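A short worksheet on the structure shown next.
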Amino acid sequence: QVQLVESGGGLVQPGGSLRLSCAASGSIFSINAMGWYRQAPGKQRELVATITNGGSTNYTDSVKGRFTISRDSAKNTVYLQMNSLKPEDTAVYYCNAVSDPSWGPPVDYWGQGTQVTVSS
């Protein structure tokens with residue numbers, strides 16, 4: 001089992017920045033990749049960014065050039081640096097982890113979510 005805990009959300013003005021953190025615990029050796037998703041009221045949950053154990057990253061088009069996903073292996077933590085924030089970035093942000101298939105059928109793990117509100 002893997003537990004994910006997000007932090008760092010809050011209220012920020014348009015054009016501002018926030019840094020989200022996701023701390024992983026439990027069977028962290030089984031994680032193959034991690035990422036961030038977000039869900040706004042009345043909207044479907046959407047992918048924001050992913051990072052593999054090999055360090056490859058991918059981003060949704062709407063955040064490219066503004067958001068950066070990174071990791072600190074020593075702290076078992078993944079970060080999402082969000083710059084030039086827009087009101088449309090307002091959502092609950094969820095940390096995600098996917099297990100390595102070598103440990104069994106792939107499993108998705110989710111954090112509890114952290115609220116990000118971009119408003120003047």
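All of these numbers come straight from a predicted model, not from anything done at the bench.
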Handout entry: Single-linkage hydrophobic cluster, 4.5 Å side-chain cutoff, Tyr109 and Ile28 together
Key = yes
Problem - Non-hydrogen side-chain atoms of Arg38 and Asp89 separated by less than 4.5 Å - result: yes
Completion exercise
The reported gap from OG in Ser99 to CG in Asn32 (rounded to nearest 0.5 angstrom) is 8.0 Å
Problem - Straight-line distance of Asn58 CG to Thr50 OG1, nearest 0.5 Å - result: 4.5 Å
Practice task
Indicate the atoms forming the closest heavy-atom contact of Ala40 with Ala91, along with that distance.
Solution key: N-CB, 3.8 Å
Handout entry: Shortest non-hydrogen separation from Gly35 to Ile69 and the atoms involved
Key = CA-CD1, 4.1 Å
Practice task
Identify whether Ile51 and Leu4 are in the same connected component of the hydrophobic contact network (ILVMFWY, side-chain heavy atoms under 4.5 Å).
Solution key: yes
Problem - Common cluster, Val63/Val92, ILVMFWY with side-chain heavy-atom separation under 4.5 Å - result: no
Problem - OH-OH distance between Tyr93 and Tyr37, expressed to the nearest 0.5 angstrom - result: 14.5 Å
Problem - Atom pair CG/OG of Leu85 and Ser119 - distance to nearest 0.5 Å - result: 12.0 Å
Practice task
Spell out, as yes or no, whether a donor-acceptor pair under 3.5 Å connects the side chain of Ser30 to the backbone of Asp100.
Solution key: no
Handout entry: Student check: side-chain heavy atoms of Leu20 and Thr114 closer than 4.5 Å
Key = yes
Problem - Note, Leu80 side chain near Phe67 side chain (heavy atom, < 4.5 Å) - result: yes
Exercise for the section: Calculate, to the nearest 0.5 Å, the distance between atoms CH2 and SG belonging to Trp110 and Cys22 respectively. Expected result: 11.0 Å
Handout entry: Donor-acceptor pair between Thr77 and Asp72 side chains, under 3.5 angstrom
Key = no
Handout entry: Any donor-acceptor N or O pair under 3.5 Å, side chains Gln39, Gln44
Key = no
Exercise for the section: Please report the C-alpha distance between Ser17 and Gln81 in whole Å, then the side-chain angles of each, then the deciding distance to 0.1 Å, and finally whether the side chain to side chain contact (heavy atoms under 4.5 Å, CB included) criterion is met. Expected result: CA-CA 7 Å; Ser17 299; Gln81 179 66 47; 4.0 Å; yes
Problem - Asn96 and Asp108: CA distance, side-chain angles, deciding distance, side chain to side chain contact (heavy atoms under 4.5 Å, CB included) verdict - result: CA-CA 7 Å; Asn96 165 261; Asp108 281 309; 3.4 Å; yes
Practice task
Measure the shortest side-chain to side-chain distance between Leu47 and Tyr59 over non-hydrogen atoms and say whether it is less than 4.5 angstrom.
Solution key: no
Exercise for the section: Drop me the distance from Glu46's CD to Trp36's CH2, to the nearest 0.5 angstrom. Expected result: 14.5 Å
Exercise for the section: Check whether any side-chain heavy atom of Val2 sits under 4.5 Å from a side-chain heavy atom of Met34, and report yes or no. Expected result: no
Exercise for the section: Kindly work out whether a path of hydrophobic side-chain contacts (I/L/V/M/F/W/Y, heavy atoms less than 4.5 Å apart) joins Met82 to Val12. Expected result: yes
Exercise for the section: Mark yes or no for whether Thr52, through its side chain, and Gly54, through its backbone, hold a donor-acceptor pair below 3.5 Å. Expected result: yes
Practice task
Treat each ILVMFWY residue as a node, draw an edge where side-chain heavy atoms are under 4.5 Å apart, and state whether Leu18 and Tyr94 are in one component.
Solution key: no
Exercise for the section: Report yes if the side chains of Arg19 and Asn83 come closer than 4.5 Å at any heavy-atom pair, otherwise no. Expected result: no
Practice task
Give a yes or no on whether the backbone of Cys95 and the side-chain of Glu6 come within a donor-acceptor separation of less than 3.5 Å.
Solution key: yes
Handout entry: Any donor-acceptor pair under 3.5 Å from Arg71 side chain to Asn53 backbone
Key = yes
